[in-house]
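Chain identifiers are assigned alphabetically (A, B, ...) following the order of the sequence lines, protein sequences preceding nucleic acid strands; residue numbering begins at 1 within each chain. Predicted model, so just to flag it, every value in this text is computed and none were measured.
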Amino acid sequence: MVHLHNSATGQIEELKPIEAGTVSMYVCGPTVYDVPHIGHGRFVLVFDILRRYLEHRGLSVVHVSNITDVDDKILARAASEGREPLEVSRQFEDLWWETLRSLNVLRPTHTPHATAYISKMLSFIGELVEADAAYLAGDGVYFEVSKVSDYGLLAHQSLDSLRAGARVEANPNKRSQLDFALWKLTPDDRWAWDSSFGRGRPGWHTECVVMSEDLLGKTFDIHGGGADLMFPHHENERAQARALGHRFAHLWVHNGFVAVNDVKMSKSLHNYVTLPDLVGSSDPRAYRLLVLQAHYRSPLEVNVALIADAARALGRIDSALERYWATPAAGGLVLGEPTVMEAFHGAMDDDLDTPAAVSLLFQTVTRMNSAMDRNDEVASALGAAVAAITSALGLQNEKRDVAIPAAVADLFRKREAARAGRDFALSDALRKNLEELGWIIEDGREGGVLRYRGR
RNA sequence: GGCGGCGUGGCCGAGUGGUUUAGGCAAGGGCCUGCAAAGCCCUGUACAGCGGUUCAAUUCCGCUCGCCGCCUCCA
């Protein structure tokens, strides 16, 4: 059974799907106003890994991840570039999905947009006002935090201590400085919606409650996101749902940050790296492996050199898999070696212990290679285990169906002939030519094997 | 100020009261190979410092030093 750390309780708890066999999962998505950064990459990979694993275990997953397309930052960018807000959000949303595709991240089942949920948000806010959990004051509608008895559950702080530490942001309209805006009145703005409260825009904590409940119900299994969303965003989402008596999310799952030189990555510190740059710098799977090598709740150091290391490690898995696929057994139905698969499940069930799973993967690669070297028949079961684990983690070696160019084939044939004639000088020279073209020859008993390694 | 976390071998990164103390990358040695590549084998005696508890601590407790995060938009 899958167990996950629940931020609400601080405990590792069993995932018990509300609807047997189906896991409902909501993961807070991006605000599309800029190029995705490597921090986005981590959360997207973590939850993709979780999803893939659940599916690997035979569960079906309804995965919802939103696109925030109405936000002050989008507006600001549109204004400074003299463009329409929708044009800006469209541009970065397209880039978002394109980047995720390159990371081999499965597309969520549903990808709701905030702009499509304005009227539902308004009626939700109406319910909150009716329930006396929200109030209309000067410049907007605010949620009254003190109406939720366990406010601070996710922050792991009491209302008093939160209030004590809260920076004073002198908004006299709020009854408490912790109260947050559900609807901001912006009567003069073009980018606004009319409502019974007045013309305005939604606050950013409401869309996720409304969209998650709309698509997954008033209670669902997992709510996830980056650790910095825990408070206030998730706290506030939860507060709204609780104020209406909804059970809301059962398990709150949060991933750790990406750090650069031990410091959380952020634009203001100029340690910002874009995701497309990072993914493009190496094998697109390298970041996934890097993420897998650390526990999802730990901070993770990420830089181009580490990505390159991970890419080299990937090579080990790839060549093992190539070796396995080349065996006759691989064509048939070979089950993964049972003790390995059991160990894999044991690790992953334990709060997604991917470091242990990856460790096991590499150990299995070594065992498979050894077994093949000595013609041990256990090799195919081990190879099948490597293949199964690799694909459950989303690290599968996309079989590069790279057609062999005629020129390459020609060089290869010449090299084989030279080698057969023991003209090693010519043979090595030809091999070098091929390497420059991105092709590597591995000599074996039955002659050389041509392999594309890219450049 | 409140809350939480961290300091592991060249780097990344798991983990554990004692026993064979992950894994990857890098490094060194070896086997194999015409040479390579791939693969296999071997090597590194790491746990911030100081006390304490214990038969035994890197692992538990305390303190010190250093560092990080949340409390504000943020994955």
Side-chain angles (χ1 to χ4, degrees), chain A residues 10 27-31 33 36-47 71-73 152 154-158 160-169 177-178 204 224-233 235 254-259 261-268 275 289-290 292-295 297-303 305-320 322-323 347 353-363 365-374 419 422-425 427-428 431-432 435 440-445 448-449 451 453:
Chain A
V27 182
C28 285
T31 299
Y33 70 101
H37 60 246
I38 57 178
H40 290 116
R42 165 115 102 149
F43 99 76
V44 138
L45 285 166
V46 163
F47 288 97
D71 177 273
D72 290 346
K73 285 180 288 238
L154 291 172
H156 295 291
Q157 296 218 54
S158 69
D160 282 343
S161 64
L162 279 168
R163 191 174 287 142
R167 192 183 288 175
V168 185
E169 35 170 290
Q177 290 309 311
L178 287 172
W204 73 296
D228 51 357
L229 255 35
M230 220 178 315
F231 190 92
H233 187 56
E235 187 79 53
H254 295 97
N255 63 276
F257 297 119
V258 165
N261 290 127
D262 281 339
V263 180
K264 177 187 173 183
M265 194 194 70
S266 70
K267 284 185 173 180
S268 54
L275 234 203
L289 214 214
L290 199 60
L292 249 5
Q293 283 176 317
H295 187 84
R297 286 190 278 120
S298 302
L300 209 215
E301 184 75 24
V302 180
N303 57 54
L306 289 169
I307 288 290
D309 286 352
R312 274 189 289 272
L314 241 18
R316 247 166 76 64
I317 298 172
D318 287 350
S319 29
E322 281 171 28
R323 246 185 128 175
D353 189 353
T354 58
V358 170
S359 170
L360 175 74
L361 214 208
F362 281 106
Q363 291 181 65
V365 164
T366 301
R367 287 178 62 197
M368 184 210 79
N369 279 320
S370 303
M372 280 198 179
D373 286 350
R374 57 173 197 273
R419 184 160 178 270
R422 301 191 68 80
D423 182 350
F424 296 124
S427 161
D428 287 351
R431 177 166 60 193
K432 194 146 190 253
E435 277 172 14
I440 281 179
I441 294 175
E442 291 184 5
D443 291 326
R445 296 194 170 223
V449 173
R451 191 164 279 170
R453 279 285 181 248

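Looking at A/F231 and A/L162, their side chains come closer than 4.5 Å, going by heavy atoms from C-beta outward.
For A/R312, taking side-chain heavy atoms from C-beta onward, the closest of the listed nucleotides B/C25, B/A75, B/C41 is B/C25. Closest approach to the A/F257 side chain among B/A75, B/G24, B/G39 is made by B/A75 (side chain taken as heavy atoms from C-beta onward).
Residue A/V258 is in base contact, counting any heavy-atom pair closer than 4.0 Å across all strands shown. Among the protein residues, A/I441 comes within range of the nucleic acid bases, having at least one heavy atom under 4.0 Å from a base atom.
When the P atom of B/G4 is taken as reference, atom NE2 of A/H156 falls 9 Å away, rounded to whole Å. Atom CE of A/M368 and atom C1' of B/G39 are 9 Å apart (whole Å). Atoms CD (A/E301) and C1' (B/C68) sit 12 Å apart, rounded to a whole Å. The nearest whole Å value for the distance from the NZ atom in A/K432 to the P atom in B/A37 is 14 Å. Distance, A/N369 CG to B/G39 C1': 6 Å, rounded to whole Å. What separates CD of A/E435 from C1' of B/A36 is a distance of 8 Å, to the nearest Å. Distance, A/I307 CD1 to B/G24 P: 18 Å, rounded to whole Å. One atom, CG of A/D318, and another, P of B/G39, lie 11 Å apart when rounded to the nearest Å.
Under a 3.5 Å cut-off, the side chain of A/Q157 and the backbone N or O of A/G152 do not form any donor-acceptor pair. A distance-only check finds a donor-acceptor pair linking the side chain of A/E235 to the backbone of A/L154 [under 3.5 Å].
Here the CG-CG distance, from A/L306 to A/L289, works out to 12.0 Å after rounding to the nearest 0.5 Å. With rounding to the nearest 0.5 Å, the separation of CG in A/N369 from CZ in A/R374 is 11.0 Å. To the nearest 0.5 angstrom, A/E322 atom CD is 7.5 Å from A/E442 atom CD. How far CD1 of A/I38 is from CG of A/L300: 9.0 Å, rounded to the nearest 0.5 Å. Within the model, atoms OG1 of A/T354 and CD of A/Q293 stand 9.0 Å from one another, a figure rounded to the nearest 0.5 Å. Here A/D309 contributes atom CG and A/L314 contributes atom CG; the two are 12.0 Å apart, rounded to the nearest 0.5 Å.
As rounded to the nearest Å, B/G44 and B/G28 have C1' atoms that lie 9 Å from one another. Rounded to whole Å, the separation between the C1' atoms of B/G13 and B/G17 comes to 22 Å. The C1' atoms of B/G10 and B/U19 are separated by 29 Å, rounded to the nearest whole Å. Of the C1' atoms belonging to B/U58 and B/U16, the separation is 9 Å, rounded to the nearest Å. Atom name C1', nucleotides B/U54 and B/A14: the rounded distance is 26 Å, in whole Å. A gap of 27 Å separates the P atoms of B/C71 and B/C63, to the nearest Å. To the nearest whole angstrom, the two P atoms, one in B/C25 and one in B/A37, are 15 Å apart. Atom P of B/C70 sits at a distance of 23 Å from the matching atom of B/G15, rounded to the whole Å.
Contacts of A/R422 classified as side-chain hydrogen bond (donor to acceptor under 3.5 Å, both in side chains), with partners at least two apart in sequence or in another chain: none. Shown here are the ring pair (Phe, Tyr, Trp, His ring centres under 6.0 Å) partners of A/H40, two or more places apart in sequence or in another chain: A/H37, A/W96. Scanning for salt bridge (Lys or Arg N to Asp or Glu O under 4.0 Å) contacts around A/R42 gives an empty result, with sequence neighbours left out. In this structure, the salt bridge (Lys or Arg N to Asp or Glu O under 4.0 Å) partners of A/D72, at least two apart in sequence or on a different chain, are A/K184, A/R201. By the side-chain hydrogen bond (donor to acceptor under 3.5 Å, both in side chains) test, A/S359 is found to be paired with A/Q363, residues two or more places apart in sequence or in another chain being considered. Remark: A/R419 engages A/D443 in a salt bridge (Lys or Arg N to Asp or Glu O under 4.0 Å) (not counting sequence neighbours). Considering only residues two or more places apart in sequence or on other chains, A/S370 meets the side-chain hydrogen bond (donor to acceptor under 3.5 Å, both in side chains) condition with none of them.
Of the residues near RNA chain B, A/R367 and A/A310, the one whose nearest nucleotide (by heavy atom distance) lies more toward the 5' end is A/A310. For the pair A/R42 and A/I440, nearest-nucleotide mapping onto RNA chain B gives the more 5' position to A/I440.
A heavy-atom distance below 4.0 Å to RNA chain B is reached by these residues of residues 226-233 of chain A, ordered by number: A/G226, A/D228, A/L229, A/F231.
Shown here is A/R367, whose CZ atom has no more than 12 heavy atoms of other residues, nucleotides or ligands within 6.0 Å.
For B/A75, its base sits under 3.5 Å from the side chain of A/H37 at one donor and acceptor pair at least.
In this structure, A/V258 and A/G39 approach most closely via the heavy-atom pair CG2-CA, 4.0 Å.
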Listing time: all N or O pairs from protein to nucleotides 30-35 of chain B that are below 3.5 Å?
unit_1 : atom_1 : unit_2 : atom_2 : d
B/G34  : O6     : A/R419 : NE     : 3.2
B/G34  : N1     : A/D428 : OD1    : 3.1
B/G34  : N2     : A/D428 : OD2    : 2.7
B/C35  : O2     : A/R431 : NH2    : 2.5
B/C35  : N3     : A/R431 : NH1    : 3.3
B/C35  : N3     : A/R431 : NH2    : 3.3
B/C35  : N4     : A/D443 : OD2    : 2.7

For nucleotides 5-11 of chain B, list the nitrogen or oxygen atoms of the protein found under 3.5 Å from its nitrogen or oxygen atoms, one pair per line.
none

Below 3.5 Å is the cut-off: list the nitrogen or oxygen pairs between protein and nucleotides 19-23 of chain B, distance only.
unit_1 : atom_1 : unit_2 : atom_2 : d
B/A22  : O2'    : A/S359 : OG     : 3.1
B/G23  : O4'    : A/S359 : OG     : 2.8

Taking only Watson-Crick and G-U wobble pairs with both distances under 3.5 Å, what dot-bracket line describes RNA chain B, where [ ] shows pairs that cross earlier ones and | shows pairs with another strand? (((((((..(((.....[....))).(((((.......)))))....(((((..]....))))))))))))....
Taking it one step at a time, do A/T366 and A/R316 satisfy side-chain contact (heavy atoms from CB on, under 4.5 Å)? CA-CA 9 Å; A/T366 301; A/R316 247 166 76 64; 3.1 Å; yes
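Note on A/S298: a side-chain N or O is less than 4.0 Å away from OP1 or OP2 of B/A14. Between A/N255 and B/A75 there is no side-chain N or O to OP1 or OP2 distance below 4.0 Å. In terms of phosphate contacts, A/S319 brings a side-chain nitrogen or oxygen within less than 4.0 Å of OP1 or OP2 of B/G39.
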